[in-house]
Amino acid sequence: MRSPKDFFAPLAVGAPQPPRQIPVRPSRMIHFFDPGNEKMAAKVPDIAKKTDVLLGNLEDAVRADRKEAARAGLVSIAKATDFGRTQLWTRVNSLDSPWVLDDLITLVTEIGDKLDVIMVPKVEGAQDIHYVDRLLAQLEARAGLTKPLLVHAILETASGVANVEEIAGASPRMQGISLGPADLAASRRMKTTRVGGGHPGYLVRTDPVGDDLNEGRTTYQQDLWHYTVARMVDACAMNGILPYYGPFGDIRDVVACEDQFRNAFLLGCVGAWSLHPVQIDIAKKVFSPSPADVAWARRVIAEMGDGTGAVMIDGKMQDDASVKQCRVVVELADELAATDPELAAAYDAATKETQS
Ligand SMILES: CC(=O)SCCNC(=O)CCNC(=O)[C@H](O)C(C)(C)COP(=O)(O)OP(=O)(O)OC[C@H]1O[C@@H](n2cnc3c(N)ncnc32)[C@H](O)[C@@H]1OP(=O)(O)O
Ligand SMILES: O=CC(=O)O
Ligand SMILES: [Mg+2]
């Protein structure tokens, strides 16, 4: 057993120093594509210009007989493309699959310098992260990489949820965690047949008004994912890593997709997956704080001075705690605005308006 003092030491001789902080880079949408699908692959250079993260997916949604083609496709796309500021991630096959070892060996060796994050599916506990951590260190050392690869876990097994805190803190490489509602539903033996989103049957109903149990009773659909997202957000926050909502499979229902993404944003997530080009702009809109919220937050910070005490602004009490929330919003807005001049202009315009 290594001492806690060794937590940040490289796990192989010659491997780069693991990170002490997760780099702050926009990751509002993690856009999935199948690198073995020629049509999708052809769109990558253009999609790269409008996404924060492009993810070459090798796992579910890639047919078993297309796994090698997807892996080879990702290698050639990564070598041929200048991604600019866009991060390149991959989702490798699960640790019990016949493909994952070759996924990791090939990708780290061939394009380890181009990849930022490796997403690991179906993580059950810290032991899965420890395995990947050591293997990556060995491969990084062999490939002579100088920048450590980061690891992102998908929360999509019942035991993964039970162990989410230890997963989040299992390695200094841990960059974040995404909810995987489809596999999680199956693992939990939930009786849904969807990829994320709500279900009309999961509801609460107001009390009966008279003898007729069917008359005048309103029902409210509930969020199937609230408990898991909230646990994931806490586990990530306490370990200094980033939480994400995962996939929303009803591509046509852009309205409900936006709702699901916004619930996650409000609860603390920094982004979500986009499975289809139509979901990119939804994620960008939802996971960027609105100009009105940023203007308000800047006003509260300005009026709170040194950040202590209580003031009244437009009839609302503000104090040390609310100013901290405002700082979270403004920090995120500033980070996003730093690479998005349009957003920066919208934030400044809204701020000027509240000052006039
Ligand atoms: C539970 C989980 O694990 S979720 C994560 C795994 N799943 C995925 O990664 C799914 C990724 N997405 C997809 O495979 C596809 O978007 C599908 C199958 C859902 C729909 O694909 P299509 O039926 O081709 O959709 P549609 O006809 O609307 O596509 C329009 C165009 O966008 C392209 N396109 C679709 N999805 C993507 C994408 N994710 N990235 C880039 N291009 C895409 C299509 O190739 C098509 O191109 P064309 O105009 O040159 O023909
Ligand atoms: O991988 C994602 C999921 O929902 O399953
Ligand atoms: Mg899954």
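Computation of the quantities below employed the complete heavy-atom set of this structure, encompassing side-chain atoms and omitting hydrogens, waters and symmetry-equivalent molecules. All residue numbers in this chain count up from 1 along the given sequence.
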(request) Return the minimal non-hydrogen interatomic distance between A158 and L184, and the atom names on each side. (result) N-CD1, 3.9 Å
(request) Over all heavy atoms of both residues, which pair between T81 and K114 is shortest? Give the atoms and the distance, please. (result) O-NZ, 2.7 Å
(request) Give the intermediate values and the outcome of salt bridge (Lys or Arg N to Asp or Glu O under 4.0 Å) for residues D116 and R25. (result) CA-CA 11 Å; D116 293 288; R25 295 175 71 182; 3.2 Å; yes
(request) List for me each residue that meets salt bridge (Lys or Arg N to Asp or Glu O under 4.0 Å) alongside E124, sequence neighbours excluded, and say none if there are none. (result) none
Are [X] and [Y] close enough for a salt bridge, meaning some N to O gap below 4.0 Å?
| X | Y | answer |
| --- | --- | --- |
| D96 | K122 | no |
| E140 | R173 | yes |
| K79 | E110 | yes |
| E165 | R231 | yes |

(message) Set out, in order, the CA-CA distance, both residues' side-chain angles and the distance that settles salt bridge (Lys or Arg N to Asp or Glu O under 4.0 Å) for D281 and R28, then state yes or no.
(response) CA-CA 10 Å; D281 284 338; R28 294 164 289 187; over 6 Å; no
(request) Report the C-alpha distance between K316 and D314 in whole Å, list the side-chain angles of each, state the deciding distance to 0.1 Å, and finish with yes or no for salt bridge (Lys or Arg N to Asp or Glu O under 4.0 Å). (result) CA-CA 6 Å; K316 297 183 179 69; D314 292 352; over 6 Å; no
(request) State, yes or no, whether a side-chain contact exists between L74 and F33 at a heavy-atom distance under 4.5 Å. (result) yes
(message) Side chains of I77 and F83, heavy atoms from C-beta outward: is any pair under 4.5 Å?
(response) yes
(request) Classify the ring geometry between Y244 and W89 as parallel (under 30°), tilted (30 to 60°) or perpendicular (over 60°). (result) perpendicular
(request) Return the orientation label for the F265 and F287 ring planes: parallel under 30°, perpendicular over 60°, tilted otherwise. (result) perpendicular
Expected list for residues 192-199: side-chain donor-acceptor pairs under 3.5 angstrom, two or more places apart:
residue: R194; atom: NH1; partner: G198; partner atom: O; Å: 2.9
residue: H199; atom: ND1; partner: G201; partner atom: N; Å: 2.9

(request) Please write out which residues are connected to V311 in a hydrophobic cluster, directly or through intermediates, given that two of Ile, Leu, Val, Met, Phe, Trp, Tyr count as joined at side-chain heavy-atom separations below 4.5 angstrom. (result) W296, V300, I301, M304, I313, V323, V330
(request) List, by chain and number, the other hydrophobic cluster members for M317, where Ile, Leu, Val, Met, Phe, Trp and Tyr join if side-chain heavy atoms come within less than 4.5 Å, directly or indirectly. (result) none
(request) Provide the full list of salt bridge (charged side-chain N to carboxylate O under 4.0 Å, His left out) pairs with a residue in residues 264-276, sequence neighbours left out, each pair given once. (result) none
(message) Give me each pair satisfying salt bridge (charged side-chain N to carboxylate O under 4.0 Å, His left out) with a member in residues 325-338, each pair once, sequence neighbours excluded.
(response) R298-D334
(message) Whether the R188 and T228 side chains hold a donor-acceptor pair (N or O, under 3.5 Å, no angle test) is what I'd like checked.
(response) yes
(message) Checking the side chain of E166 only, and the main-chain atoms of A126 only, is there a donor and an acceptor separated by less than 3.5 Å?
(response) yes
(request) Would you confirm whether R142, through its side chain, and I105, through its main-chain N or O, come within 3.5 Å as a donor-acceptor pair? (result) no
(request) Establish, yes or no, whether the cationic atom of R20 lies under 6.0 Å from the six-membered ring centre of F8 and within 45° of the ring axis. (result) yes
